[in-house]
Asks: 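One structure, as structure tokens, below. Some questions next.
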Amino acid sequence: MSLSEDLHKRRLAAVARGVGSVVNSYIDSAGGATLTDVDGREWIDFASGIAVTSVGNAAPRVVQAVRDQVERFTHTCFMVAPYESYVAVCEQLIALTPGTFEKRAALFNSGAEAVENAVKIARHATGRQAVVVFDHAYHGRTNLTMALTAKNMPYKHRFGPFAPEVYRAPMSYPLRDGGLDGAEAARRAIDVIEKQVGAGNVAAVLIEPIQGEGGFVVPAPGFLPAVAAWSSANGAVFVADEIQTGFARTGHWFAGEHEGLEPDLVTTAKGMGGGLPIAGVVGRADLMDAVHAGGLGGTYGGNPVACAAALAAIETMRELDLVAAARHIEAVLVPALRTLASSAPEVAEVRGRGAMIAIEIVEPGGLTPDPVRTAAINKACHDAGLLTLTCGTYGNVLRFLPPLVISDEDLQRGIDILARAIRG
Ligand SMILES: *Cc1c(COP(=O)(O)O)cnc(C)c1O
């Protein structure tokens, strides 16, 4: 029996079945864009722990910063006895997010917690309750964020009742929109909001600039600016959930920049911490500061070790120009995938930005999703040592999220494995 098989046996007897894993190889060490499992098998990483290790696995600066911090102190609780690194991370969030208006930030532990707090802030600041979200949205697994998330299986099934005052509008999904352009798709969404919710009731309009778990859906140009403009004209807080798209992943610091968005609030997590759990809400000072002292926070939010890691990750992104690296990955990956798609009729679309790229798999000749073939390609990649993920409302999207520090050689090795997996 391999060491992974052995561990898997222990896991089945100890870890709740509701917590799944994409592969059954147990990891021993990792560096850059590769993982090594306990049996010594090497994996090329096209997952980054779900868009987290953008600076690479065990990035040297992050490792050193964490080491230095744990030796100084591990925890005081910022709400009890504050420290500099929390302030410095907030300063970075303010500097890096779009918009030159006055901003404030607050730190949390997970993406779901950041989203929950953005909703708290928007409701408090506006005195309104309704939150508008979109088809295919993913915002987390806590009670409020399950309500905000679109997909039933596996995220919501039998976990209700869900939080009230959440309303869903149609998304712009160019492949499946029958030719609607961005302005038309925005009009369709705004109609639903005005007719079913009422403009004056909307506290927040919450959207991922490129949807993550929902299928790497890139809305048609003009959709996001139109929805943001409507929010601003109607006194609703426009919240960009940049938890998966943020921190250089899409070839800008934040994905909203591709369309000139200046969201009222931005939620961040994932890539921000270089692998340590940290999240943030950053945005307009008048909204953020509307909440009374003690109304936001948590025991661990902005933990000093996580803050040290985030500062080191951001420094690494600047030093290695990982915004440019993400664009380079797109420039290599997308043409290779398009070439593959030209002789693979089941690949309906290659889409995404930067190092957030996906292919959607359908039954040839139409747009019927083919989740079975998608799972088979994904499995073939895993069998050949490439760690890929699926996503999408219909489970028919293969997504690629390599660390931004991946070498051209590893990127090409990954593409070669993928090509063989698709050709069967
Ligand atoms: C992952 C994700 C979340 C939830 O983050 P967690 O840290 O898993 O709670 C929320 N929104 C988006 C867009 C995400 O990709």
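Whatever order the structure lists ligands and atoms in, that order sets their numbers, starting from 1. By convention here, the first residue in the shown sequence is residue 1.
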Asks: Is there a polar contact, in the sense of an N or O pair closer than 3.5 Å, between Ala112 and ligand 1?
Replies: yes
Asks: Could you tell me whether atom 8 (O) of ligand 1 has a protein heavy atom closer than 4.0 Å?
Replies: no
Asks: Suppose I only count heavy atoms of Ser110 and a 4.0 Å limit; which atoms of ligand 1 are within that range?
Replies: 7 (O), 9 (O)
Asks: What protein heavy atom lies closest to atom 11 (N) of ligand 1? Include the residue and the distance to one decimal.
Replies: Asp241 OD2, 2.7 Å
Asks: Check each heavy atom of Arg141 against ligand 1 and say whether those closer than 4.0 Å belong to the side chain, the backbone, both or neither.
Replies: neither
Asks: Please say which of Asp241, Thr267, Thr149 ends up in a side-chain hydrogen bond (donor to acceptor under 3.5 Å, both in side chains) with His139.
Replies: Asp241
Asks: Tell me which protein heavy atom sits closest to atom 15 (O) of ligand 1, plus the residue, atom name and distance to 0.1 Å.
Replies: Lys270 NZ, 2.6 Å
Asks: So, do Phe108 and Tyr300 have ring centers that fall under 6.0 Å from each other?
Replies: no
Asks: One residue to check: Ala269. Relative to ligand 1, which of side chain, backbone, both or neither has a non-hydrogen atom less than 4.0 Å away?
Replies: neither
Asks: What about Glu208: any of its N or O atoms under 3.5 Å from an N or O on ligand 1?
Replies: no
Asks: Output yes when Arg61 and Glu315 qualify as a salt bridge under the 4.0 Å nitrogen-oxygen rule, no when they do not.
Replies: yes
Asks: Do Thr36 and Asp28 have side-chain N/O donor and acceptor atoms under 3.5 Å apart?
Replies: no
Asks: Can you tell me which residue and heavy atom of the protein come closest to atom 5 (O) of ligand 1, and the distance to 0.1 Å?
Replies: Gly111 CA, 3.2 Å
Asks: Between Glu213 and Arg399, is the closest basic N to carboxylate O distance under 4.0 Å?
Replies: yes
Asks: One thing to verify: whether Arg188 and Asp191 come together as a salt bridge, which I'm taking to mean a side-chain N less than 4.0 angstrom from a carboxylate O.
Replies: no
Asks: Under 3.5 Å, is there a donor-acceptor pair between the Asn201 and Gln129 side chains?
Replies: no
